[in-house]
Enquirer: 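My structure is below; once you've seen it, I'll send some questions.
Below, all heavy atoms of this structure are taken into account, side chains as well, without hydrogens, waters or symmetry copies. Each ligand, and each atom within it, is numbered from 1 in the order the structure gives. Model, not experiment: these values are computed from the prediction.
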Amino acid sequence: MKKIAFLLAGLLACMAAHAQEPTSKTFWDDPVNNPATPIYVTAALVFIVFLLVLIVSIMMLRAFNTLIEQTEKAKAKAMGVAYTPRPSWWSTLTQKLNNSVPVEREQDIDMGHSFDGIRELDNHLPPWWKWLFYSTIAWSVVYLVVFHISSSLPLSHDEYQNEVAVAEQEKQRLLASQPQAVIDVDKLEYTADAAIIGKGQKVFQDNCVSCHRKDGGGNTIGPNLTDDYWLHGNGIKNVYTTVNGGFVEKGMPAWGKALSPSEVRDVTFFVLSLHGTNPPDAKAPQGELAKPDASPKTDSLNVSAAR
Ligand code: HEC
């Protein structure tokens, strides 16, 4: 009975797991009032009845077998012959599955080939093997029709594509539910806003230091971001555009694809805040000299707009 209770608990747990809605409320939050409860209870009762019927049938069958055995024994005794028990269902089944030739009849299938005393027997393939083989042939026909002729079910590749499409939809849904701040570059103005620069520094450390160095001094890959010389123009508008769109063929990734607009803004502010910090061993200047009033500490927007 303990086993049955255990099985029942497992079954209920499985059902409950299936019944879970995408909402955070689960079956177990309020099992009594859950609309699915009557179905589960009925299923559980049917399952218990099924188990009981099964147990009783097995017990009856065993009792029945014992009775038959006793009758046969008595019969054999009355007839004066030795009682030979009937083969068990298991040995009948394995014999049916294997249909092997008994050792006593081996000479019937001896092919007469003997190699160093090892003889070759003309054994047939066991029926279980042949059935398996035939069923694979039957399955191949079903498969061909279902997957390639009627196309009722998707092939693995299509299945994958469908899942990707669903994931893409889900992604769009999530993105739509978290609207991004829209950054208008033309209206962007640099201020030494410690909060924004702090966030930008974090973005810089996570994404930019491998090519521009921690202090922005530049390395063999990326240029110095602290000096007065710019490859792609100084001022907030140019720097924002450079970071956002990148110069992929020159080795500067387009960060607008990986970062949110506000993250690009934050890191742009941080880059501008690095101006004139003169880190040691900074990379030699590259590009054009920024106009003196292009210092981001004042108003970089006008300068960049004027260029
Ligand atoms: C894979 C290396 C790499 C990474 C990572 C990288 N950059 Fe760059 N970056 C470059 C290269 C190379 C250039 C120069 C492109 C050129 O020669 O036109 C550059 C140029 C720039 C420029 C223009 C400099 C100028 O002189 O005009 C800015 C601004 C800049 N990067 C900012 C960033 C920021 C911000 C990040 C992080 C979000 C970043 N970079 C990450 C390689 C990188």
Enquirer: Answer yes or no: is there a side-chain heavy-atom contact under 4.5 Å between L175 and Q172?
Expert: yes
Enquirer: Could you report the tightest heavy-atom contact between T191 and I197, atom names first, then the distance?
Expert: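 The answer is O-CD1, 4.4 Å.
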Enquirer: Considering only residues two or more places apart or on different chains, which pairs with a residue in residues 99-115 satisfy side chain to side chain donor-acceptor pair (under 3.5 Å)?
Expert: D110-R119, H113-E120
Enquirer: For the side chain of N34 and the backbone of D30, is there at least one donor-acceptor N/O pair under 3.5 Å apart?
Expert: no
Enquirer: Under 3.5 Å, N/O to N/O: give me all the pairs between ligand 1 and the protein, one per line with atom names and distance.
Expert:
residue	atom	partner	partner atom	Å
ligand 1	7 (N)	H212	NE2	2.8
ligand 1	9 (N)	H212	NE2	2.9
ligand 1	18 (O)	H232	NE2	2.5
ligand 1	26 (O)	L231	N	2.8
ligand 1	27 (O)	L231	N	3.0
ligand 1	27 (O)	H232	N	2.8
ligand 1	31 (N)	H212	NE2	2.8
ligand 1	40 (N)	H212	NE2	2.7

Enquirer: Filter on side chain to side chain donor-acceptor pair (under 3.5 Å), then keep only pairs touching residues 54-80, sequence neighbours left out; what's left?
Expert: none
Enquirer: Under the salt bridge (Lys or Arg N to Asp or Glu O under 4.0 Å) test, which residues partner D158, sequence neighbours left out?
Expert: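 Applying salt bridge (Lys or Arg N to Asp or Glu O under 4.0 Å) to D158 gives none.
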